Each structure stands twice: as structure tokens, then as C-alpha cells.
Amino acid sequence: MKPTDSIRTIKGIGEKSEKLFYKLGISTVGELLNFFPREYDIFTPIQPIQSVKEGEVVIIEGSFVTKPHMANVRNLKILSCQIKDTTAQIRVSWFNMPFLMRSLKMGMHYILRGRIVLKNGMLQMTQPKILTREEYSRQLGKMMPVYPLTAGLTNHAVTKAVTAALKGVEWESEFLPAEIRKKYELILHKKAIQTIHFPDSKKEYIIARKRLVFEEFFLFSLALHRMKELKHSKPSSYPVDGDVYDNALLEILPYELTSGQKKAWEEIKKDMQSGKVMNRLIQGDVGSGKTVIAMLALAAIAKSGHQGAIMVPTEVLAKQHYEEFCAYLEPLGIRIGLLTGSMTAVQKRKMYQKTADQEVDILVGTHALIQEKVEYANLALIVTDEQHRFGVRQRELFSEKGKDPHMLVMSATPIPRTLAIILYGDLDVSVIDVLPANRLPIKNCAVGTNYRPQAYRFMEKEVREGHQVYIICPMVEESENTEAENVLDYTNSLKDMMPPSIRIEYLHGKLKPAQKNEIMASFAAHQIDILVSTTVIEVGINVPNATVMMIENAERFGLAQLHQLRGRVGRGSAQSYCIFMAGNASKETMERLRIIEGSNDGFYVAREDLKLRGPGDLFGIRQSGELFFKLADIYQDANELRQANEAAASYTQQDVSLLCKKYDGLRQKLQEYTGEVYL
Ligand SMILES: Nc1ncnc2c1ncn2[C@@H]1O[C@H](COP(=O)(O)OP(=O)(O)OP(=O)(O)O)[C@@H](O)[C@H]1O
């Protein structure tokens with residue numbers, strides 16, 4: 001089978017599982033092979049019972065010292081007994097496996113592998129697998145892939161499909177030039193893909209990962225260098241100067257710009273007046289006021305008779321920006337439009353027409369803005385709210401909607417300057433390095449779950465004083481695989497616990513966009529007091545009246561993500577609070593959380609996080625969603641990023657064309673990456 005073949009060509013995948021794989025974004029054999037494990041289940045040696053810790057999957061060996069006991073709890077049949085080795089004893093339990101009752105024998109030796117959880121203050125092992133000594137020896141040290149899943153698709157099914165695909169696929173020729181592989185000591189693509197799914201050891205995994213990270217960065221860098229060459233000092237068809245920058249624009253704001261905002265605004269004005277195309281990144285910590293700078297630039301474009309558009313990662317955010325822009329800019333006679341995927345066909349068509357006829361000056365929207373059907377009359381400025389979601393290609397597609405429009409990119413990712421220069425190699429950088437003066441620093445605390453009652457009382461008090469609260473849970477609904485808090489059950493029990501006058505709602509990514517918009521709008525209008533949500537609210541939501549953020553199972557998030565989440569409070573003048581609630585209060589968890597508890601500075605948090613994890617720790621929690629890389633992590637893999645950039649920079653555009661002639665695979669990969677035939 002070829003990488004481009006449908007996954008249906010893999011034995012065992014029928015119509016039903018095909019649909020499930022679609023949900024994971026997999027429709028071809030190649031996509032399946034590039035669907036990497038989220039983590040690995042490592043078969044570690046047998047551990048003394050005394051040393052097991054909560055949350056770990058461990059193997060213990062001992063004999064049962066109590067008879068198996070069966071209990072009915074809700075609809076579950078729970079079988080439990082005590083197992084003992086020379087160091088201690090622990091309870092083990094199985095649910096819905098009553099047949100074990102007969103086979104488990106007291107006094108016999110067993111090897112069990114399962115997760116240790118804390119129930120009623122006691123450690124216990126749940127749902128362990130019983131291993132024979134032979135199975136144990138065979139699997140010891142093995143790393144079994146654990147894939148991201150969707151309901152109905154098991155890890156076993158994905159593993160089986162990947163195994164079959166690895167066996168049956170006709171591999172394409174190696175696409176990285178031999179000289180690069182040699183210089184940077186990289187293994188072959190084929191070997192790396194095989195290993196990333198089934199590594200024999202950590203060492204092998206690290207070597208495979210290095211190759212895949214490098215290629216990801218290399219393609220990115222080649223595309224970026226090419227873009228830079230193409231754009232370099234291009235004259236602009238839309239110079240914006242003169243009285244469009246008059247004070248009326250700044251007077252619409254109810255506050256004065258901070259020094260950082262003023263500087264960024266001056267740099268933008270200078271760019272747009274220069275007669276050349278602006279390509280600028282505005283980098284600033286969460287809540288530093290980047291949106292307002294983008295709004296000013298868009299307003300200046302509109303006032304000079306052109307169109308501008310701003311693309312953001314979520315519908316909720318688009319709606320929020322739209323409303324804010326309307327409130328500020330409509331009084332100046334500027335016409336704002338909204339375009340998102342969930343609008344009806346009729347609404348969309350109307351907006352396309354208005355955009356083509358230049359009846360809107362500023363269009364706010366999601367990916368919908370770059371769909372083929374959208375034609376702009378006179379697109380002179382595009383703004384992307386980076387939030388790590390859009391890649392170079394999206395920026396380019398957006399750009400093609402106009403005739404070399406000016407470009408502004410906003411980012412809240414705290415990237416060290418040296419890396420920013422590489423990652424945003426095609427852009428000039430403005431940094432907003434101060435927060436608005438009316439802000440009080442957020443007060444943080446990292447606590448264990450025993451603090452919850454106090455936290456609830458505190459929330460009640462804040463709500464009584466007219467403020468609002470966010471509570472974040474990692475899961476949407478109950479799952480067999482984890483004890484992490486989920487939005488649905490959490491909301492129910494919170495409603496039971498809080499006085500009925502407190503209005504509680506929930507939000508998660510599985511709701512329809514219209515429902516999400518409605519809930520966010522109600523929260524913004526203060527018709528909801530406490531919003532229980534997954535991380536969907538992470539990106540850019542701005543409700544300055546929200547003063548408390550509580551993050552359940554904070555140990556499950558990367559620090560960068562926790563910082564983004566925390567950024568949803570502390571956006572107004574009232575004192576705000578962030579409570580990081582650790583589901584397991586192990587020493588390592590608390591040490592990590594102490595970093596974020598001790599500082600509100602995103603750069604500091606990112607730096608300390610890296611120090612703690614160490615560049616070699618590739619198994620730690622991945623900082624979620626950084627920039628646009630699948631496997632690579634810009635902090636951990638900063639070295640590979642530098643190397644790949646150096647390698648890409650060593651080829652001029654002409655050399656790249658030559659290389660692509662020689663390496664057919666490279667041409668294809670680059671085309672896939674940039675979505676364009678150009679070589
Ligand atoms: N100079 C200022 N003085 C006071 N308030 C300001 C100032 N600039 C912006 N704000 C307010 O601060 C809040 C956050 O601003 P904004 O949404 O622009 O931040 P951001 O940098 O885009 O945040 P994020 O990265 O989280 O999306 C908004 O309510 C905005 O009105």
C-alpha cells in the first residue's frame with residue numbers, strides 16, 4: 001500500500017473504524033504513520049509495594065492475604081482483596097470482572113500490573129493485569145505506544161492498525177539530503193517512523209525523535225527563508241499616511257496606551273508609512289493589550305479607504321473581537337463584519353458580497369476568512385492572532401487574498417529573543433513588555449485537593465462581591481482511564497454545593513459553536529457567575545470582571561498552558577486570584593507548580609520550566625500546542641531548531657530548487673508543507 005492510500009486498505013479497518021479514525025484526522029496510511037504516540041507505557045521492573053506512589057503504573061509481586069470479596073457499588077461489581085510482599089500490603093480491585101472470583105487463589109504468587117490510585121485516603125491498585133512470569137520477562141523494559149484516542153477506538157486497535165501499516169507500506173525514498181543527515185547525525189526517515197511507534201529503549205526513542213523534530217524544523221525553516229526572500233523590502237500598494245493617525249483614533253480608547261503599546265503603535269505607523277509592505281510580529285504577555293494595537297492599525301487602514309481583516313483561532317474569540325471593534329470603531333464610521341464557520345450559508349453569502357463590494361472595512365473571523373469563496377475588494381492589512389495555531393502556510397494563504405497586504409502577527413508565546421528571530425525570521429518584532437498600569441499582580445496559590453472547601457468559600461465571597469469565576473477541568477466527561485475531574489460531573493456537584501443563587505454553567509469543546517458563543521456571551525454579560533470549562537477558554541477570552549481562576553488537576557497541564565489559562569483573570573482593575581489545584585500533590589508536581597505560583601511573568605515561567613525538566617527530559621508533559629509543530633517543542637528542542645535553521649539557511653532559493661530536483665521526496669514534502677507547487 002502507498003502512503004496516500006485510504007486507511008481502508010489496511011486489513012481490519014472497516015467502515016466503522018474508518019469513521020473513528022477520521023475523527024482523529026486520519027484518512028490515509030501516511031497520516032496514520034504520522035500519528036505519533038502521546039506517551040509510552042513503559043514496563044518497569046517489579047517494585048516493592050512499600051515504594052509505590054499515587055498515579056504511577058507499576059508492577060508488584062506478592063500473594064493474596066485475604067479472600068477476594070465482591071461488592072455491588074452503583075451498577076458495578078467490584079472485586080477486591082489484599083496482596084502482600086515482604087515490604088507492605090495493598091488493596092487491589094477489579095470492576096466488572098466477577099469471573100476472577102473463582103480463579104484468584106489465596107496464598108498463591110501473582111505478578112500484577114496496574115495504576116495506583118488514592119481512594120478514601122488509602123493507596124490501592126485498580127484494574128491490574130495479571131502477568132505470567134514469562135510475559136513479565138518478555139515485556140520488561142518495552143515501551144508500548146499510548147495514542148490519543150476518540151470514543152469507540154481503543155489503543156489496541158490503533159496499535160494494531162499502525163503495526164499493519166508499518167509492515168505493508170511502500171516507503172518513499174529518503175527526502176533529507178545525505179549531507180545534512182551526516183552532518184547532524186540523523187537516522188533515516190523510515191527508521192525514525194518505525195521507532196517512534198515501537199521503540200525498544202529510551203535511547204532509540206530519543207534518536208528517532210531527534211530525526212523527526214529536525215525534519216519538522218527543517219521544512220519550516222526552508223519555507224520561512226523562501227518567504228523572506230520573496231517578501232524582502234517589497235514596495236507596498238497601500239502606504240497609509242497623513243491624517244488617518246489623528247488623535248480621534250486614540251481618543252476612542254477609555255485609557256491611555258502603556259509605554260510598550262505606544263512603542264509598538266509607533267513602529268506600526270512607521271512601517272505603514274514607509275512605502276514598503278509591513279511584516280511585523282507583536283509579542284506581548286497575556287493581557288498586555290495586543291488586541292487594541294491591532295484594532296488601531298485596522299482602523300487606520302479603514303480610514304485610509306482600504307480593507308483590513310483579523311483572523312483568530314476560535315469562534316468565541318472572533319465574536320468577542322467583533323463586538324469590541326463595533327463598540328469602538330462604529331462611532332468613527334468604520335464598518336465591521338463578522339465571518340465564522342458556524343454562520344448559516346445565507347449569512348455567509350451576504351458577508352462575502354459585502355466584503356467583495358467593500359461594504360465592510362474590517363472583517364473579523366476565523367479560518368473562514370481564508371476560504372476560497374471570500375474575495376476582498378481591497379485587502380490592505382491582515383492580522384493573525386497567532387496563539388500558536390496558525391502556521392506559515394495560513395499566513396501566506398491569507399496574504400494571497402490581497403495584493404501584498406501589510407501583515408501583523410500577534411503572539412503571547414513567551415519565546416526567548418534568539419528563538420523568536422528564527423521562528424519569526426520573516427517578521428520584524430515589536431515587544432509589549434509592560435502590563436496596563438491599573439493591573440494588580442494576580443495572587444496565586446498551588447494547593448492540594450484538601451483545600452477545595454476553602455476555595456469554594458472564597459469563590460462564594462468573590463461572587464457575592466459581584467465578580468466572576470472560572471473553573472478549569474481537564475476532561476469533558478467521565479472516563480474509565482482517568483480519575484481527572486470532568487466538566488459535566490464537576491458542574492453537577494458544584495451546583496449541589498453552592499447556594500442556588502449562584503449561577504453556574506459549563507463550557508467545552510464538544511458543544512456546538514452557537515452554544516459556545518451563547519455561553520461565552522452570557523458569561524461576558526454577567527448572567528453566569530461561575531463557568532466550569534475545559535481549556536477551550538484558554539485562547540484570548542477577555543472578561544475583565546472575572547477575578548478567580550481555579551485549575552483542577554493542574555498537574556496535568558504544561559506550565560505554559562497554565563500561564564495562558566491564568567491570563568484569563570487579572571484583566572481588569574480588581575484584585576485577581578489563581579488557584580492551582582493539584583490532584584496528586586507529589587513533590588515533583590508541587591515543585592513545578594511552585595514556579596508558576598511564584599511568578600506572573602510568562603518568560604520566567606517558560607525558562608524555569610525548561611530548567612526543571614532539563615533538555616533531556618523528553619517524557620515530561622509536553623507544553624501543549626506550542627506554535628505549529630507536531631512533535632517538536634521549541635524550548636526542549638532549541639538545539640535542533642538552531643541546527644535546522646542553519647541547515648536551511650545554507651541553501652539559497654536556487655540551491656533549494658537544485659536539491660529538490662535531486663531529492664524528489666524533499667520537493668514533495670515542501671510542497672505538502674507550503675501547499676503549493678513552486679519548484
Ligand atoms: N493601556 C491600557 N490600559 C488599561 N487597560 C487596557 C490597556 N490596553 C488594553 N487594556 C485592556 O486590557 C484587557 C486585555 O487587553 P487585550 O485583550 O488587548 O490583551 P491581549 O494582549 O490581546 O491578551 P491575550 O494575549 O490574553 O489575548 C482588555 O480588557 C483591554 O481593554
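Reckoned from all heavy atoms, side chains included, excluding hydrogens, waters and symmetry mates. On a predicted model such as this, the values are computed, not experimentally measured, just so you know. Just so you know, ligand 1 is whichever comes first in the structure, and atom 1 is the first atom listed for that ligand.
Listed by atom number, the atoms of ligand 1 under 4.0 Å from V292 heavy atoms are 18 (O). Close contacts between ligand 1 and P544 involve ligand atoms 29 (O) [criterion: under 4.0 Å to a heavy atom]. Using a 4.0 Å cut-off to heavy atoms of T258, the atoms of ligand 1 that qualify are 1 (N). The atoms of ligand 1 that sit less than 4.0 Å from any heavy atom of R568 are 26 (O). Within ligand 1, the atoms closer than 4.0 Å to a non-hydrogen atom of N542 are 13 (C), 14 (C), 28 (C), 29 (O), numbered from 1 in the order shown.
Side-chain N or O atoms of N378 include none that pairs as donor or acceptor with a backbone N or O of G402 at under 3.5 Å. Not one N or O on the side chain of R571 forms a donor-acceptor pair closer than 3.5 Å with the backbone of S288. Using modelled atom types, one side-chain atom of E216 and one backbone atom of A632 make a donor-acceptor pair closer than 3.5 Å. The main-chain N or O of I519 is never found under 3.5 Å from a side-chain atom of E505 such that the two would form a donor-acceptor pair. Between the side chain of Q454 and the main chain of Y451, no donor-acceptor pair closer than 3.5 Å is present.
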Decide ring pair (Phe, Tyr, Trp, His ring centres under 6.0 Å) for Y490 and Y506; before the verdict, give the C-alpha distance in whole Å, the side-chain angles of both, and the deciding distance to 0.1 Å. CA-CA 9 Å; Y490 198 97; Y506 65 80; over 10 Å; no
Start with the C-alpha distance between K262 and E266, add both sets of side-chain angles, then the distance that settles salt bridge (charged side-chain N to carboxylate O under 4.0 Å, His left out), and finish with yes or no. CA-CA 6 Å; K262 276 187 190 147; E266 286 308 317; over 6 Å; no
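Proximity of G284 to ligand 1 is not established, as no heavy-atom distance is less than 4.0 Å. The shell of residues lying under 4.0 angstrom from ligand 1, judged by heavy atoms, includes E256. Proximity of S288 to ligand 1 is established by a heavy-atom distance of less than 4.0 Å.
Of the heavy atoms in M410, none comes closer than 4.0 Å to ligand 1. Residue contacts with ligand 1, taken as heavy atom pairs separated by less than 4.0 Å, involve R439 solely via side-chain atoms from C-beta onward.
For Y328, no nitrogen or oxygen atom sits less than 3.5 Å from a nitrogen or oxygen atom of ligand 1, counting backbone and side chain alike. At a 3.5 angstrom cut-off on N or O pairs, L257 does not count as close to ligand 1. For the pair E324 and ligand 1, the shortest N or O to N or O distance does not fall below 3.5 Å. Considering backbone and side-chain atoms alike, G287 places an N or O below 3.5 Å from some N or O of ligand 1.
For the residue pair R439/S573, the side-chain donor-acceptor check at 3.5 Å is not satisfied.
Taking the six-membered ring where tryptophan is involved, the planes of Y577 and F458 are perpendicular, since the angle between them exceeds 60° and thus also 30°.
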